[in-house]
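Throughout, residue positions are numbered sequentially from 1 according to the sequence presented.
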Amino acid sequence: VQLQASGGGLAQAGDSLRLSCAASGRAISSYALGWFRQAPGKEREFVAAISRSASSTSYAGSVKGRFTISRDNAKNTVFLQMKSLKPEDTAVYYCAFDPNIYSSPSYLNTLKNKYVYWGQGTLVTVSS
């Protein structure tokens, strides 16, 4: 599975950005997907996840209400809509693919060690 993230860039506080992550090598429809981010000098942290059915989503407390994860299985792509950006959102954002197939279509993981495939990351820089 290859993941190609895009959409990052320079934004001002309060702006919006939409990240995309296109998958190839496997159809994403049977799998949960996630977004993580890593700020300079910090560990990679969970941002958002979506179940294979899209019926369940989960967000880190710091982005809840501002970020929205979604998926388009027909395009084999997962998105992260980011609104009301803050300087503390500055980080490299990574999309991730959980290759486990869960009996429940609404299951998702927030732990980064459950995700096996990772995109190359896209840098988001938010200025104040």
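The CZ atom of R66 sits 12.0 Å away from atom CD of Q81, with the distance rounded to the nearest 0.5 Å. With rounding to the nearest 0.5 angstrom, the NZ atom of K114 is 7.0 Å from the CG atom of N100.
Hydrophobic clustering (side-chain heavy atoms under 4.5 Å, transitive across Ile, Leu, Val, Met, Phe, Trp, Tyr) groups F97 together with I69. No continuous path of hydrophobic side-chain contacts links V78 to F46 [ILVMFWY only; heavy atoms under 4.5 Å]. Cluster membership check: L33 does not share its hydrophobic cluster with Y115, using side-chain heavy-atom separations under 4.5 Å among Ile, Leu, Val, Met, Phe, Trp and Tyr. When the side chains of ILVMFWY residues are joined at heavy-atom separations under 4.5 Å, either directly or via intervening members, I28 and V116 end up in a single hydrophobic cluster. Residues W35 and L3 are members of one and the same hydrophobic cluster, defined by side-chain heavy-atom contacts under 4.5 angstrom among Ile, Leu, Val, Met, Phe, Trp and Tyr.
No side-chain donor-acceptor contact under 3.5 Å links R26 to the backbone of Y31. A side-chain donor-acceptor contact under 3.5 Å links R71 to the backbone of S51. Using a distance-only test at 3.5 Å, with no hydrogens or angles considered, no donor-acceptor pair links the side chain of D72 to the main chain of T77. Judged by distance alone, with hydrogens and angles left aside, the side-chain atoms of N109 form no donor-acceptor pair with the main-chain N or O of L111 at under 3.5 Å.
F79 pairs in a side-chain contact (heavy atoms from CB on, under 4.5 Å) with only one of the listed residues (S70, C95, C21), which is S70. When each of R37, Q38, K112 is paired with E45, the side-chain hydrogen bond (donor to acceptor under 3.5 Å, both in side chains) condition holds for R37 and for no other.
Taking the ring axis of Y102 as reference, the NZ or CZ atom of R52 does not stay both within 45° of it and closer than 6.0 Å to the ring centre.
Using a 4.5 Å cut-off on side-chain heavy atoms (C-beta onward), Y59 and T68 make contact.
Between L80 and A48, the shortest heavy-atom contact is CD1-CB, 4.1 Å. The minimum heavy-atom distance linking S53 with P105 is given by the pair OG-O, 2.9 Å. Summarising the geometry of S16 relative to S84, their closest heavy-atom pair is OG-N, 4.4 Å, with the distance given to 0.1 Å.
Under the 30°/60° scheme for interplanar angles, the aromatic rings of Y94 and W118 are found to stand perpendicular.
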Please list every donor-acceptor pair under 3.5 Å in which a side-chain atom of residues 119-128 meets a protein atom from a residue at least two apart or in another chain.
{"unit_1": "Q120", "atom_1": "OE1", "unit_2": "A5", "atom_2": "N", "d": "3.2"}
{"unit_1": "Q120", "atom_1": "NE2", "unit_2": "A5", "atom_2": "O", "d": "2.9"}
{"unit_1": "T122", "atom_1": "OG1", "unit_2": "G8", "atom_2": "N", "d": "3.1"}
{"unit_1": "S127", "atom_1": "OG", "unit_2": "A11", "atom_2": "O", "d": "3.4"}

Checklist entry - Should F67 and D89 be marked as a side chain to side chain contact (heavy atoms under 4.5 Å, CB included) after you check the CA-CA gap, both sets of side-chain angles, and the distance that decides it? => result CA-CA 11 Å; F67 291 11; D89 294 320; 3.9 Å; yes

Item to check | Stepwise side chain to side chain contact (heavy atoms under 4.5 Å, CB included) test for I50 and L108 | outcome: CA-CA 6 Å; I50 187 167; L108 55 80; 5.6 Å; no

